[in-house]
Amino acid sequence: MASTQETSYQEPLLEISGLKTVFPTDDGIVNAVNDVSFSIARGQTVGVVGESGCGKSITGLSLLQLVPSPGRIEAGEILFYRNGGDEPLDIAQVQPKSELIRQIRGNEIAIIFQEPMTSLNPVYTVGDQIAEAVALHQQVDKKTAHERAIEMLVRVGIPAPTQRVDEYPHQLSGGMRQRVMIAMALCCSPTLLIADEPTTALDVTIQAQVLGLMQELQAEMGMAIMLITHDLGVIADLADEVVVMYAGRVVERGRVDDIFYNPLHPYTQGLLRSIPVLGRTVQKTLPSIPGTVPHPLALPTGCSFQPRCPERMPECEQMPELEITSDGTQAVRCWLHADSAT
Amino acid sequence: MLASRRFSNINRKLPSTLQISQKPVFDNGENRAETLYLKNKNMKLLQVNDLRKYFPIQKGIFQRTVGYVKAVDGISFDVQRGETLGLVGESGCGKTTAGRCLLRLIPATSGSFIFGEEQVDLAKLTHREMQPFRKRIQMIFQDPHASLNPRMTVADIVGEPMRVNRTEKGTALQDRIVELLESVGLRSQDMRRYPHAFSGGQRQRIGIARALALQPELIVADEPVSALDVSVQAQILNLLAELREQFNLSYIFIAHDLSVVEHISDRVAVMYLGKIVEISDAETLYQSPQHPYTEALISAVPLPDPNAQRKREHIRLEGDVPDPSQPPTGCYFHPRCRYATDLCKQETPKLREVTPGVQVACHHSDTLELQGV
């Protein structure tokens, strides 16, 4: 297993630019992910936040060439700086069924999903499933792989791991299953873990356990985490950088404190205002965002958020660019801030 | 029959002193009211006493009962008129089962629910006697995709309760449907469309319109916003609050999300393994919890505020919620409680009033200094 990486936020791991993932449908082409750009540094946690249908999950799947058919990556670059490689690899150019992407999946970039019951195979023991991932990527015999599986179960804090390793997914609780998923994802010490709504199906106290575990393992193993969630609380808890998505596009990105204390995009502002916060004086009405998320086949002209935006202006009929603010740490896609760009 | 129903409608709107003296009328004409009718009247809309729901565990070819899952294990609470009571807890704590028992969608094992001015015990009514009360207690469901019939138009869905109960017909029914749709923020032309044409938030509005159709007094809302997106969730919460004012409704709001419950509730009951561990007004509960489980729950909610989140002490509960068919001895929470003593292992604490309006089931609540938000 690789030694713990020196965590330096400057060293890039993944640079996504202009990523566009499309789904051709009978009614037209859905641009699920449209011109998405952001980067993830080694050891960093990047939170991707947005409502359902905003393209956050498809962005995660695109990074592993796992976009379900008939979807495909149409444009853009996903530059992946592999360990020991000088030149970054453009994952967007790799064939989805190639040997190369299979070496990366689960080995260098791992992914965990929302519902741990459906992502585990019910007819194999959890030990077999973890050992399979180990055997696939590392030249070890069955016995070593099995021992490695037990070792991983210990690391994710499963009690009585020597017994649990021979149990089936249905014998475990939801929190335990998600721990097994994490064990499976981390057994090959990936440099990036994509966590797609990892705690949404879990209760709050179990969510706190799993989030705590992810933080501990990150400190220990030094992997970067791309955390996809709709829960701004989870983002505030874990993320270093935040990417806010709306209708397939990045509307704002920046450091976690900037996004929460100085949101620039009206959508980010609205989102933060509309959530009830524990312990805040109970307000009679929550300032909600009017309307609903537009249908992906009937996006409004110009800025996708403009029909719901309280600050709508004539310029909003044109799509603004994602522009970096003058201090260089935050980027926003809004005409209100177009002139403040460098 | 019709006249008496009109009477009861009038009665609901009058203050209790002005009310026309009237005994509850049952459809079968039988007067079981004497035994059910309790004299003293107050502002309590619903009083639940020692509600229990045990599901038998059956094994073998003879389906012998080998044990019980005590989904709801003796809970008592009341709901005042115009009040929202939040029922919060983790999955499997029995909050949904409690809600369903109240509507008699599933029969309760034991317990009584004293409802309305008439002080009728709903748990003792026959199916037929229950019918007039069903109008007065309605439910909003969690999943707006599953709770609307895809083959019915919105007008059919919202109009069905009124057709079944024969409260309105013909153009009056149509007018009432339009009125209901408008009161939940939908347009009248939406009534000819089918549920699939609506987004999750709009579907939930249809479900709310249906619940309002019979002018209920109490609405049991079971996780009404947890399937919705963040920006839509706020709209529905606001709508529920508005409707409460407009129609003088009372809610039992069942949810797992503590911040949502805090926002909408006047009082909150926290459940753990089928029991209420703490019940008090929302502000007190969140600012100074009295039960260690409440404290842990509050601490587990990540705040959407990075600085506050870094500063907070995080209480991490070990392990999972125990199996409700084999609950621990003593206090059900003791295996996960960081303050547990030997007493907690042996004796089950009773829910008792510690300060006016604050009830808690903990042996050590007097000595513990627990953290709120």
Side-chain angles (χ1 to χ4, degrees), chain A residues 49-54 157 159 172-176 199 201-209 211-213 230-239 242 255-257 259-261 267 270-293 295 308, chain B residues 88-93 198-202 228-239 241-242 245 256-266 282-283 286-287 293 296-310 312 314-321 323 336 372-373:
Chain A
V49 68
E51 297 178 275
S52 47
C54 74
L172 306 176
S173 68
M176 291 281 196
T199 57
L202 306 176
D203 278 317
V204 271
T205 60
I206 309 297
Q207 164 171 294
Q209 290 175 2
L211 294 179
L213 173 72
H230 68 278
D231 188 333
L232 288 157
V234 172
I235 293 279
D237 197 16
L238 253 66
V242 183
R255 289 184 303 217
V256 66
D257 285 16
I259 294 291
F260 279 88
Y261 302 124
Y267 175 65
L271 207 57
L272 284 166
R273 273 200 296 260
S274 68
I275 45 172
V277 181
L278 210 60
R280 296 258 166 96
T281 341
V282 183
Q283 289 167 312
K284 272 270 184 264
T285 43
L286 284 169
S288 64
I289 305 175
T292 50
V293 179
H295 191 276
R308 305 175 74 187
Chain B
V88 67
E90 295 179 277
S91 48
C93 74
F198 297 91
S199 67
Q202 288 172 316
L228 305 176
D229 269 321
V230 189
S231 72
V232 180
Q233 181 174 309
Q235 296 172 5
I236 298 295
L237 286 175
N238 288 342
L239 175 68
E242 271 167 39
E245 301 302 314
H256 70 279
D257 186 326
L258 279 103
S259 31
V260 167
V261 169
E262 183 196 32
H263 177 77
I264 195 144
S265 305
D266 301 306
E283 205 182 330
Y286 287 91
Q287 297 305 329
Y293 179 61
L297 263 187
I298 292 170
S299 158
V301 178
L303 293 179
D305 183 342
N307 280 337
Q309 188 61 17
R310 278 173 217 133
R312 285 169 97 199
H314 298 274
I315 302 164
R316 211 169 327 148
L317 287 183
E318 297 301 322
D320 284 311
V321 180
D323 180 354
R336 300 174 82 194
V373 183

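Throughout, a chain's letter reflects where its sequence line sits, starting with A, and its residues are numbered from 1.
Only the backbone of A/Leu213 comes within less than 4.5 Å of a heavy atom of chain B; no side-chain atom from C-beta onward does. With a 4.5 Å cut-off on non-hydrogen atoms, A/Gln209 touches chain B through its backbone and its side chain both. Residue B/Glu283: no heavy atom, backbone or side chain, is found under 4.5 Å from chain A. The part of B/Gln287 that comes within reach of chain A is its side chain, from C-beta onward, which places non-hydrogen atoms under 4.5 angstrom from that chain. Using a 4.5 Å cut-off between heavy atoms, B/Ser199 contacts chain A through its side chain alone, with no backbone atom that close. Only the side chain of B/Leu237 comes within contact range of chain A, with heavy atoms under 4.5 Å apart.
With rounding to the nearest 0.5 Å, the separation of CG in A/Leu211 from CZ in B/Arg316 is 9.0 Å. The CG atom of A/Leu286 sits 8.5 Å away from the CD atom of B/Gln233 when rounded to the nearest 0.5 Å.
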Next on the checklist: Determine whether B/Gln202 and A/Thr292 satisfy the following criterion, side chain to side chain donor-acceptor pair (under 3.5 Å), listing intermediate values before the conclusion.
Outcome noted: CA-CA 9 Å; B/Gln202 288 172 316; A/Thr292 50; 5.4 Å; no
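Residues A/Asp203 and B/Glu90 share a closest heavy-atom pair of CB-OE2, 3.2 Å. Shown here for A/Pro276 and B/Ser259, the closest heavy-atom pair between the two residues is O-CB, 3.3 Å. In terms of heavy-atom proximity, A/Arg308 sits nearest to B/Ser231 at NH2-OG, 3.0 Å. Between B/Glu262 and A/Gly279 the shortest heavy-atom distance is OE1-N, 2.9 Å. Across B/His314 and A/Asp237, no two heavy atoms sit closer than the pair CE1-OD1, 4.4 Å. Closest heavy-atom contact between B/Ala234 and A/Ser288: CB-CB, 3.6 Å.
By the neighbour-count criterion of 12 heavy atoms within 6.0 Å, atom CZ of B/Arg312 is densely surrounded, having more than that number from other residues, nucleotides or ligands.
Across B/Ser299, B/Gly372, B/Gly319, the residue that shares the most heavy-atom pairs under 4.5 angstrom with chain A is B/Gly319. The residue among A/Thr205, A/Leu232, A/Val204 with the most heavy atom pairs within less than 4.5 Å of chain B is A/Thr205.
Between A/Ile235 and B/Pro304 the shortest side-chain heavy-atom distance does not fall below 4.5 Å.
Checked against side chain to side chain contact (heavy atoms under 4.5 Å, CB included), B/Ala296 has the following partners two or more places apart in sequence or in another chain: B/Ile315, B/Leu317. Listed by chain and number, the residues in a side chain to side chain contact (heavy atoms under 4.5 Å, CB included) with A/Asp257 are A/Tyr261, B/Pro306, B/Asn307, B/Arg310 (sequence neighbours excluded).
Side-chain contact annotation: A/Thr285 with B/Asn238, donor-acceptor N/O pair under 3.5 Å absent.
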